[in-house]
Amino acid sequence: MDSIKNEVKTYPAYLKGTWQESQSHETIAIQSPWKHDVIGNVQAVTQSEVDESIHAAKAAQKPWAKLSLGDRGQYLNRWADELEATKDEIATAVMNEVGKNFNDAENEVQRTIDLIRYTVQEALHMHGQSIRGDGFPGGSKEKLGIIERVPLGVVLAISPFNYPVNLAASKIAPALMAGNAVIFKPATQGSISGIKMIQALDRAGFPQGILSLVTGHGSVIGDYLTEHPDINMISFTGSTRTGKHLSQKSIMIPLVLELGGKDPAIVCDDADLDVTADNIIKGAYAYSGQRCTAVKRVLVDDKVADELVAKLKEKVENLSVGSPVNDSTIVPLIDNKAADFVQGLIDDALDKGATLVTGNQRDGNLLAPTLLDHVTQEMEIAWVEPFGPVLPIIRVHSLDEAIEIANKSKFGLQASVFTQDIDKAIQIAGAVEVGTVQVNGRPQRGPDNFPFLGVKASGMGTQGVHNSILSMSREKLTVINLKR
Ligand code: G3H
């Protein structure tokens with residue numbers, strides 16, 4: 001399946017159910033963020049190949065939707081089995097391609113296997129509703145409405161680099177279980193991991209054309225996919241900038257967007273500071289902070305700030321830094337541009353008077369975990385999402401001030417509240433403008449059966465297995481007019 005050229009594999013695209021080289025005769029080199037070598041080439045698919053794939057998806061969708069849920073579930077369970085059989089190979093691809101440490105990469109693949117199996121079970125247990133017309137003034141009992149859920153058609157699934165397997169499957173699995181066909185466009189850095197995952201799907205023997213994987217230049221096929229009249233729904237995870245662009249380009253089709261975040265950890269003066277520090281460190285620095293749900297700012301009551309900063313400093317200095325093969329927490333960022341961006345935010349904060357508690361060393365795209373104290377609202381790091389291993393501490397003097405700064409952000413993904421007073425936690429949870437509030441825990445998407453959503457610039461629509469199936473299907477009402 002993979003042809004070997006100079007020991008660097010060139011991966012075909014999966015178009016209309018077959019592995020093919022693109023007619024463009026052009027490939028894109030994928031460089032490992034930590035090996036700094038080209039680790040593979042992927043196809044630069046053309047617009048006409050996209051068009052043919054969407055055509056094939058449209059044709060394959062109707063018979064697919066006619067299969068029983070149980071039959072569709074069997075295909076997906078076989079896919080999960082195939083992923084399980086190649087778990088290490090896929091985890092290695094994730095590690096090599098996006099620099100996630102092997103343990104986290106393996107967890108990502110296992111989480112995906114679990115997610116696919118759970119999605120099958122969830123879909124099997126979802127059902128429609130019925131409604132009688134007499135509930136509305138002037139309505140009659142003889143009107144019986146049957147509400148079923150039907151597929152949307154062809155779903156475009158666009159996944160990001162940081163979860164190239166899990167955030168792809170969390171779109172593909174619900175789309176397929178809901179009876180849709182899928183066009184899968186992975187982030188270019190992440191394509192090889194996506195290909196490995198789709199090789200497993202191919203081995204599971206899905207009907208031809210039900211899913212195509214299109215790799216290529218966003219500038220060539222990005223808008224073409226988004227504006228294509230036969231794409232019926234888009235599920236996207238990535239930057240807020242691209243999400244906004246997608247919502248401008250797609251016309252009258254449902255969109256689910258999972259975008260950026262600036263998740264605050266609000267630390268009250270009565271918080272258990274050991275629990276707090278532990279959660280903040282794991283939340284902020286795992287995978288070098290390259291997660292939309294990372295803790296991206298700490299809003300701490302000045303009364304406990306010194307003590308918290310001391311605990312954080314000790315933990316930051318104990319984080320493992322280096323190579324993903326050694327299971328380091330802090331790994332090289334996805335590319336040099338990303339590292340330059342984070343460094344710029346650190347430099348700006350230090351220029352404007354922030355205190356460097358620890359960190360601020362750099363070796364290429366590997367940045368030491370950095371902790372900044374006395375960050376003020378004038379500093380870019382107070383508002384901008386770094387997607388890197390730097391955490392700003394903003395000291396506040398009241399709960400109102402913490403809530404005000406939390407809500408001043410354009411983002412609204414998650415927030416954490418650390419307090420031992422449940423009334424206070426509920427009060428803050430009610431006041432912060434985010435999709436999810438975590439009380440005494442770090443922000444995170446999982447467990448994957450929970451609803452996952454962002455407000456403001458953090459997204460649109462809700463994910464999580466149940467909600468993803470809902471968002472990839474629609475209601476269809478049939479009214480039986482019974483004889484009186
Ligand atoms: O980067 C965005 C992901 O949805 C975050 O997922 O909270 O499981 O790391 P996570």
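Just so you know, ligand 1 is whichever comes first in the structure, and atom 1 is the first atom listed for that ligand.
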Discussion item. If we set the cut-off at 4.0 Å for heavy atoms, which region of Asn162 has an atom near ligand 1: side chain, backbone, both, or neither?
Written reply: side chain
Worksheet item: If we only count N/O pairs under 3.5 Å, is Arg445 in contact with ligand 1?
Response: yes
Worksheet item: Salt bridge check: are Glu317 and Lys313 linked by an N-O gap of less than 4.0 Å?
Response: yes
Worksheet entry | For Gln444, atoms of ligand 1 separated by under 4.0 Å from a heavy atom | 7 (O)
Discussion item. Quick test: of every protein heavy atom, which one is nearest to atom 10 (P) of ligand 1, and how far off is it to 0.1 Å?
Written reply: Tyr163 OH, 3.4 Å
Practice prompt. State whether Glu378 and Lys352 are salt-bridged, where the test is any N-O pair (Lys NZ or Arg NE/NH1/NH2 against Asp/Glu carboxylate O) under 4.0 Å.
Written response: no
Worksheet item: Looking at Phe411, does the NZ or CZ of Lys262 lie under 6.0 angstrom from its six-membered ring centre and within 45 degrees of the ring axis?
Response: no
Worksheet entry | Note: Arg291-Asp104 ion pair, threshold 4.0 Å (strictly below) | no
Discussion item. I'd like to know if Lys408 and Glu433 make a salt bridge, using a cut-off of under 4.0 Å between side-chain N and carboxylate O.
Written reply: no
Worksheet item: Out of curiosity, is Arg111 lining ligand 1, as in a heavy atom under 4.0 Å away?
Response: yes
Worksheet item: Without hydrogens or angle criteria, can the side chains of Ser416 and Gln438 be said to hold a donor-acceptor pair below 3.5 Å?
Response: no
Worksheet entry | ligand 1-proximal atoms of Glu258, by part, heavy-atom distance under 4.0 Å | side chain
Practice prompt. With atom 1 (O) of ligand 1 as the reference point, say which of Gly260, Cys292, Gly261 has the nearest heavy atom.
Written response: Cys292
Worksheet entry | Identity and separation of the nearest protein heavy atom to atom 5 (C) of ligand 1 | Thr293 OG1, 3.3 Å
